[in-house]
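The structure appears right after this line, and notes come after that.
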Amino acid sequence: MDKQEKFYVTTPIYYVTDAPHIGNTYPTVAADIIARWHRLRGEKVFFLTGTDEHGEKVQKAADAAKEEPKVFVDKISLRYKEAWKTLGISYDKFIRTTDPEHLDAVARFISKLVENGDVYKGQYEGWYCVPDESFFTELQLKDGKCPDCGREVKRVKEDSYFFKLSKYQDRLLELYDKNEDFLSPKLRRQEVINRVKGGLKDVSMTRTTVKWAVPFPGDKDHFVYVWVDALINYISALGWPDGTFKVFWPADVHIVGKEINWFHSVIWPAMLMSAGIELPAMIFAHGWWTSEGKKMSKSLGNFVDPVSLSSKYSVDAIRYFLMREMPFGEDGDFSEESLKARINGELVADLGNLVYRVLTLAEKFDGKFDGSADLEKHLDVVGIDESMDRLDYYGALEKIWAFIRSSNKYINDNKVWSLKGAEMSNALYNLLEACRICSILLYPFMPDTAQSIAQQLGVEMGTLKDCKFGAFTGKPKRGKMLFEKVLTK
RNA sequence: AGCGAGGUAGGGUAGCCUGGAGUGCCCGCCGGGCUCAUAACCCGGAGAUCGACGGUUCAAAUCCGUUCCUCGCUACCA
């Protein structure tokens, strides 16, 4: 269980043209859980999230809101912070790409690429939709027209600085080959490798038309394209090249959405190679949610909002559901019916009921809780820890739930309610220890619930080291039910 | 089109790499048990020609080939 002493996890930084919704909540909750897990292991953890605030789309959104870009992004950035507070996100730093330190780091980073001869001036060619003021690649066009509005596009050329991505093809392939976990989950691995094998084109990294951006060092007509700016947040947040950068870099995992996997799995490591900076250990691309079976889209207005859901149900239920409904990395569907089914079936009937019945029995018993660890054989802490190493939250929860079910079964099989004396003491010892260990294992997923369990057991919240049967020293006192049953339909 | 993933009981999955009686898990359904517990918990049962065709083998969900279907990625959507 003793892995590295430090752990650095990041979420994508979220583009401020949208309010928080399930799409950005999902990786944020996932990062929060893995950060909390590593804290339970006793590691020094740095958990970074933030907002991506530059670019043309932000500029336009600010214009539409009749606000200065900075005023606009301040507002939205705050909404993210509020949402994360509601959802119990324990980030260590919230970076904004408009932070002065970040702007400075971007300029220095790019100068480094220039020094190393990986940046050259060329011409960017693309299709431009005048009314939308947007560039598109050949592939993005829909029947030769603007994919957004369907109007005519025109071929334009503009000066641009390029990053020599092509130069790093072999080194990238070597990286993927040597480090199997770099491209995670496995399902994404071959997809990226084959595309890289197919050849890499140098990428345009500046624009002259977008002014709401970081100035390009050494050429005042150019501004850094948002994706370059955004990627650098992972090191600028640490104060690269000094400060906590020295403690926490390289990142142990960058959690990203599959749509931005290319940038993180290919372009970002190439940029780091060019700058002579160590590479992150893992890029984990998660899947997407549909909403009630339909793709979430602005036109349908069907974005799932976990913040408002969390006031209707509970934060912990939402956090649990996000990790339990589908394996991290795959796609899945969000439906309120399914959420209710998991609350009633798993949180109420399995977990909540277990804790409640155990505490009822324990309160009635007058004596010490002592015995031999009969239930421990159903507990697979090592397996759970290994699942968490792979960010397999789904697998970890499956194992935790197997233990919860075994504990419920133990009560029935042994007719615990009818036991007396030493037999009762032994049974309650096992059950109370089971609940205590569950409180620890569940803590990263459902912090409030876990703390409530610990409190009702009358014990301090433990760490991963305490996930083994030992002496039960608590003073159980039943409190309120962990989860209330919700009405279906 | 290219590349990738997948098709296992009513739904969702594991098993496939390293062949060995369709073996497991969750939900749903039917029946039973129990009464500590939030109509909660526990047990049992029904339900699958493992997408289709062909091959290898004593033996195929598992290996090989073909085929049909679904989904994802393809360079700034979480």
Side-chain angles (χ1 to χ4, degrees), chain A residues 11-15 17-18 20-28 30 52 55-57 134-140 148 165 185-198 200-201 203-204 207 225-231 255-263 266-267 285-289 295-298 303 324-327 330-333 338 341-342 344-350 352-365 394-395 397-399 401-402 405 407-419 427-428 431 478 481-486:
Chain A
T11 72
I13 47 174
Y14 305 114
Y15 212 54
T17 48
D18 273 318
H21 56 80
I22 193 172
N24 33 51
T25 300
Y26 186 45
T28 308
D52 184 4
E56 190 177 9
K57 282 183 188 165
S134 293
F135 282 95
F136 299 100
T137 62
E138 187 80 45
L139 276 164
Q140 285 174 301
D148 285 348
L165 182 64
K186 275 207 168 63
L187 130 93
R188 300 276 157 219
R189 188 175 156 76
Q190 218 48 44
E191 209 168 271
V192 172
I193 290 178
N194 288 347
R195 274 183 66 197
V196 172
K197 277 184 181 160
L200 292 173
K201 281 188 276 187
V203 286
S204 164
R207 276 297 136 81
Y225 211 177
V226 297
W227 59 260
V228 180
D229 167 12
L231 286 168
I255 293 176
V256 302
K258 61 183 184 180
E259 75 292 344
I260 51 173
N261 192 30
W262 181 255
F263 288 91
V266 181
I267 298 177
H286 67 74
W288 278 29
W289 290 91
K295 194 170 175 173
M296 283 186 274
S297 71
K298 279 184 187 156
F303 282 90
R324 191 67 175 108
E325 182 65 2
M326 67 193 194
E330 289 173 31
D331 291 340
D333 181 52
S338 182
R342 290 204 182 270
N344 289 339
E346 293 165 10
L347 297 179
V348 174
D350 292 332
N353 185 44
L354 173 68
V355 172
Y356 197 73
R357 66 201 296 216
V358 167
L359 283 163
T360 303
L361 291 166
E363 275 195 341
K364 287 182 188 166
F365 183 70
Y394 186 86
L397 286 170
E398 196 126 81
K399 293 185 191 78
W401 245 257
R405 290 192 170 103
S407 301
N408 267 321
K409 181 171 158 55
Y410 179 89
I411 299 178
N412 289 55
D413 289 355
N414 294 295
K415 294 195 190 332
V416 171
W417 57 89
S418 64
L419 297 179
L428 288 172
L431 291 164
R478 199 178 70 185
M481 290 186 289
L482 299 176
F483 295 97
E484 302 263 338
K485 210 166 160 92
V486 294

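Numbers restart at 1 for each chain; the letters A, B, ... are given by sequence-line order, proteins then strands.
Side-chain nitrogen and oxygen atoms of A:K258 include none within less than 4.0 Å of the OP1 or OP2 phosphate oxygen of B:G72. For the pair A:N353 and B:C41, the criterion of a side-chain N or O lying under 4.0 Å from OP1 or OP2 is not met.
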Query raised in the report: For nucleotides 24-36 of chain B, read 5' to 3', which letter fits each nucleotide if B means a protein heavy atom sits under 4.0 Å from the base, S means only the sugar-phosphate is that close, and - means neither?
Result: --SS-----BSSB
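Residue-level contact check: A:G23 touches the bases, meaning some heavy atom is under 4.0 Å from a base atom. Contacts of A:L359 with the nucleic acid, taken as non-hydrogen atoms under 4.0 Å apart, are absent. Contact annotation for A:K409: backbone-only contact, meaning every heavy-atom pair under 4.0 Å involves sugar-phosphate atoms and none involves a base. Using a 4.0 Å heavy-atom distance criterion, A:W289 is classed as a base contact. Across all strands, A:L354 comes closer than 4.0 Å to no nucleic acid atom at all (heavy-atom distances). Contacts of A:V416 with the nucleic acid, taken as non-hydrogen atoms under 4.0 Å apart, are absent.
Listed by chain and number, the residues in a salt bridge (Lys or Arg N to Asp or Glu O under 4.0 Å) with A:D333 amount to none (sequence neighbours excluded). A:E346 pairs by the salt bridge (Lys or Arg N to Asp or Glu O under 4.0 Å) definition with A:R324, A:R342, not counting sequence neighbours.
Annotation: B:A48 and B:G15 have their C1' atoms spaced 15 Å apart (nearest Å).
Taking every side-chain heavy atom of A:N194 into account, B:C3 is the closest of B:C3, B:C73, B:C77.
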